[in-house]
Visitor: 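Right, I'll just put the structure down here and ask away after.
In this chain, numbering begins with 1 at the start of the sequence shown.
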Amino acid sequence: MRNKILLLAGLLLLLLLTACTSVKRFKSADYRGTDNALVDVELFSSRLAAESVPQQEMNLWNLSANAQTRLVQILDERYPDNAQFMNAMSRNYQLSGDSPAEVFTRKELLMVFSINKQRDYPRINDSAGRFSPADRIEYLKLTLEIPEENNLRFTRWNRYATEYGEVEIADVSFSRSLELDASGDPGGVDLSGKASLNRSEKQVIETRYLKLNGSLSETQVVLEEEGTRGTDLTGNISADISLEFGGFPERVVVPFFSDSGGMVIQFNDVLVPALELAPDTLFAKLTLEYIYRHVQSGWLTYAEWDDKVEYYEGTVHKRVPLFTKQDYLPGFYCIGVEQEERIALKVKHENGKEYLMQFLNYPSASRFLEWLSNPVREPLRPVFIGASQLIFKGQPVTPAKIVEEQLKVMPVH
């Protein structure tokens with residue numbers, strides 16, 4: 001009877017030790033359906049610092065044919081002496097403005113997605129509530145989608161490799177013992193003794209989880225995270241993302257100023273974002289899908305293996321801003337007045353087409369305006385740039401007209 005009681009106690013002890021192992025994920029788990037109010041997401045985006053474009057210097061041979069002809073005429077009028085003329089011909093002239101490359105359609109964004117979960121501490125002891133201190137977000141998937149009307153696409157980012165994390169769950173040890181008992185009387189000598197052989201083996205149980213994964217297409221950015229024991233997904237996810245607008249050609253004025261006060265104009269075609277309308281803000285669609293791990297009981301301990309958990313899934317949809325008009329439109333400047341409407345200086349080419357006189361930056365436009373209103377210029381003589389004529393309100397521009405109308409430098413957009 002006593003042996004049976006000891007055997008039963010040993011079995012109960014073995015069952016108890018097995019039930020209390022920390023290798024378990026949880027005590028029990030149930031799926032409780034959908035709750036879209038447990039987790040929220042915000043998007044914070046800021047423009048990355050653009051690489052500085054060095055000031056470029058150009059000489060006579062870098063200019064177009066029309067610009068070369070005009071520069072030679074200016075230098076010939078200013079330097080009648082042959083030696084001075086040849087010296088001026090060999091000078092470099094600074095390009096006022098940045099290089100008119102495709103920087104006007106390409107944008108760089110540092111995107112920061114902020115994930116947070118509901119913390120309803122007043123209901124901490126409510127068995128029907130959705131909150132306990134041991135709750136965590138177990139899985140989430142973020143999708144950022146660009147509407148087709150924005151004429152914008154994703155081109156590259158800094159998230160190409162999947163990141164995994166590892167966590168050590170437990171140590172499992174095995175041991176074996178072997179005992180040998182030897183005795184005998186060889187040759188009339190009494191021999192006896194014992195020997196033992198012990199072997200121990202220890203294995204570490206680890207698991208790997210998805211720390212961060214993602215994919216990029218022209219219209220979508222997808223980010224994915226997976227939590228594990230003691231790892232909540234509340235926090236920030238950041239990514240450096242490059243985007244590009246569909247391009248539309250615009251003509252800009254690039255003035256070249258010489259040390260002696262001469263000026264030559266060159267017209268360059270550059271690409272700007274092609275949008276039929278220029279809204280104040282461009283928006284994208286942000287979707288968050290998540291799995292929420294709620295601890296219904298057992299959360300008084302730090303370990304998770306004794307928790308009774310309930311799983312909820314949820315989805316959050318948001319319309320988030322990507323760019324304001326100041327961010328995505330180029331910072332061009334023009335010369336004109338602001339009355340009931342904005343009226344700007346234009347240039348009329350030989351073929352009869354008219355273009356807005358727009359400059360890459362403020363210094364270029366300001367210096368050109370100074371050149372136009374120079375008092376040594378004949379006040380009533382119309383201003384030509386090569387074979388092209390400046391016009392304002394449909395009429396030829398003269399230095400006197402510039403002073404009379406009080407023209408000033410203004411942003412184009």
Visitor: Give a yes or no answer on whether the side chain of Lys107 reaches the backbone of Asp327 with a donor-acceptor pair at less than 3.5 Å.
Guide: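 Looks like yes, one N/O pair under 3.5 Å.
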Visitor: Please check if the side chain of Asn158 supplies one atom and the backbone of Asp240 the other of a donor-acceptor pair under 3.5 Å.
Guide: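 Here the side-chain-to-backbone pair exists.
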Visitor: Centres of the Tyr333 and Tyr362 rings: under 6.0 Å?
Guide: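 Distance test on ring centres: under 6.0 Å, yes.
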Visitor: I'd like to check Phe104 versus Leu360 (side-chain heavy atoms, cut-off strictly below 4.5 Å). Are they in contact?
Guide: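 Yes - at least one pair of side-chain heavy atoms lies under 4.5 Å apart.
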Visitor: Can Glu108 and Ser242 be counted as having a side-chain donor-acceptor contact under 3.5 angstrom?
Guide: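 Yes, side-chain donor-acceptor contact under 3.5 Å.
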Visitor: CD of Glu338: more than 12 outside heavy atoms within 6.0 angstrom?
Guide: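 Correct, the count exceeds 12.
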Visitor: Is it true that, when you exclude Glu404 itself, more than 12 heavy atoms of the residues, nucleotides or ligands shown sit nearer than 6.0 Å to its CD?
Guide: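 Yes, CD of Glu404 has more than 12 neighbouring heavy atoms, counting only those of other groups under 6.0 Å.
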Visitor: Hey, could you give me the CD1/CG distance between Ile146 and Leu282, rounded to the nearest 0.5 Å?
Guide: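 Going from CD1 on Ile146 over to CG on Leu282, the span is 9.5 Å.
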Visitor: Taking CZ in Arg156 as the centre, count heavy atoms belonging to other residues, nucleotides or ligands within less than 6.0 Å. Is the count above 12?
Guide: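 Count not over threshold, so no.
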Visitor: Any side-chain heavy atom of Leu43 within less than 4.5 Å of one from Lys318?
Guide: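 No; the side chains remain at least 4.5 Å from each other.
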Visitor: Going by heavy atoms in the side chains, are Thr287 and Thr315 under 4.5 Å from each other?
Guide: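 Yes; the side chains approach each other to less than 4.5 Å.
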Visitor: Would you mind reporting whether Leu142 and Val222 have side-chain heavy atoms less than 4.5 Å apart?
Guide: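 Not touching, per the 4.5 Å side-chain cut-off.
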Visitor: Take Tyr292 and Tyr311 through the test ring-ring contact (aromatic ring centres under 6.0 Å, His included) and record every step on the way to the result.
Guide: CA-CA 6 Å; Tyr292 188 86; Tyr311 287 101; 9.6 Å; no
Visitor: Within a reach of under 6.0 Å around NZ of Lys285, are more than 12 heavy atoms found that belong to other residues, nucleotides or ligands?
Guide: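 It does not: Lys285 NZ has 12 such atoms or fewer within range.
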Visitor: Quick check for you: to the nearest 0.5 Å, what is the distance between Ile343 atom CD1 and Cys334 atom SG?
Guide: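 Answer for the CD1-SG pair, Ile343 versus Cys334, is 11.5 Å.
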Visitor: Would you indicate whether Arg381, at its atom CZ, is surrounded by more than 12 heavy atoms from other residues, nucleotides or ligands within a distance under 6.0 Å?
Guide: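 No.
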Visitor: Calculate, to the nearest 0.5 Å, the distance between atoms OG1 and CD1 belonging to Thr155 and Ile241 respectively.
Guide: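 One gets 9.5 Å once the value is rounded to the nearest 0.5 Å.
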Visitor: Answer yes or no: is there a side-chain heavy-atom contact under 4.5 Å between Lys348 and Lys353?
Guide: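 Lys348 does not reach Lys353 side chain to side chain.
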Visitor: Quick one, Phe368 with Met357, criterion side-chain contact (heavy atoms from CB on, under 4.5 Å). Give me CA distance, side-chain angles, the key distance, then yes/no.
Guide: CA-CA 10 Å; Phe368 181 78; Met357 283 286 291; 3.6 Å; yes
Visitor: Keeping the roles fixed (side chain from Arg342, backbone from Pro411), state whether a donor-acceptor pair exists under 3.5 Å.
Guide: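 Flag set: sc Arg342 to bb Pro411 pair under 3.5 Å.
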Visitor: Measure the shortest side-chain to side-chain distance between Ser373 and Pro399 over non-hydrogen atoms and say whether it is less than 4.5 angstrom.
Guide: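 Of all side-chain heavy-atom pairs linking Pro399 with Ser373, none is under 4.5 Å.
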Visitor: Verify the neighbour count for atom NZ of Lys141: are there more than 12 heavy atoms of other residues, nucleotides or ligands below 6.0 Å?
Guide: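 It does not: Lys141 NZ has 12 such atoms or fewer within range.
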Visitor: Side chains of Tyr31 and Glu310 only: does a donor on one sit below 3.5 Å from an acceptor on the other?
Guide: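 No donor-acceptor contact under 3.5 Å links the two side chains.
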Visitor: Quick check on side-chain contact (heavy atoms from CB on, under 4.5 Å): which of Ile237, Val316, Val39 does Leu140 satisfy it with?
Guide: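 Answer after filtering Ile237, Val316, Val39: Ile237.
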Visitor: Are the side chain of Ser114 and the backbone of Asn236 linked by a donor-acceptor contact shorter than 3.5 Å?
Guide: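 Answer holds: no.
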Visitor: Please lay out, stage by stage, how Thr234 and Asn116 fare under the test side chain to side chain donor-acceptor pair (under 3.5 Å).
Guide: CA-CA 5 Å; Thr234 300; Asn116 58 82; over 6 Å; no
Visitor: Would Asn361 and Phe332 count as a side-chain contact (heavy atoms from CB on, under 4.5 Å) if you check the C-alpha gap in whole Å, the side-chain angles of each, and the deciding distance to 0.1 Å?
Guide: CA-CA 6 Å; Asn361 52 41; Phe332 294 161; over 6 Å; no
Visitor: Is the backbone N or O of Thr231 less than 3.5 Å from a side-chain atom of Thr228, with the two atoms forming a donor-acceptor pair by type?
Guide: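 Looks like no, no N/O pair under 3.5 Å.
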Visitor: Report yes or no: do Glu138 and Tyr290 form a side-chain donor-acceptor pair below 3.5 Å?
Guide: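 The answer is no; no qualifying pair exists.
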Visitor: Report the residue from Glu224, Arg293, Glu226 that forms a side chain to side chain donor-acceptor pair (under 3.5 Å) with Tyr139.
Guide: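 Checked Glu224, Arg293, Glu226 against Tyr139; only one passes side chain to side chain donor-acceptor pair (under 3.5 Å): Glu224.
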Visitor: Side chains of Gln395 and Phe392: does their closest heavy-atom pair fall under 4.5 Å?
Guide: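 No, every pair of side-chain atoms sits at 4.5 Å or beyond.
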Visitor: Here's a test for you: under salt bridge (charged side-chain N to carboxylate O under 4.0 Å, His left out), which of Asp232, Asp35, Asp135, Asp40 qualifies with Lys117?
Guide: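 Single pass found, and it is Asp232.
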Visitor: Under 6.0 Å between the ring centres of Phe131 and His294?
Guide: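 Ring centres of His294 and Phe131 not closer than 6.0 Å.
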Visitor: Measuring from atom CG of Leu356 to atom CD of Glu250, what distance do you get when rounded to the nearest 0.5 angstrom?
Guide: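 So the gap between those two atoms works out to 8.0 Å.
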Visitor: Given side chains that start at C-beta, do those of Asn150 and Phe245 come closer than 4.5 Å, heavy atoms only?
Guide: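 Asn150 does not reach Phe245 side chain to side chain.
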Visitor: Flag this pair as yes if the NZ/CZ of Arg251 is under 6.0 angstrom from the six-membered ring centre of Tyr355 and inside a 45 degree cone about the axis; otherwise no.
Guide: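 Here Arg251 passes the 6.0 Å and 45° test against Tyr355.
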Visitor: Kindly compute the distance separating CG (Leu223) from CG (Leu212), expressed to the nearest 0.5 Å.
Guide: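 So the CG of Leu223 and the CG of Leu212 are separated by 6.0 Å.
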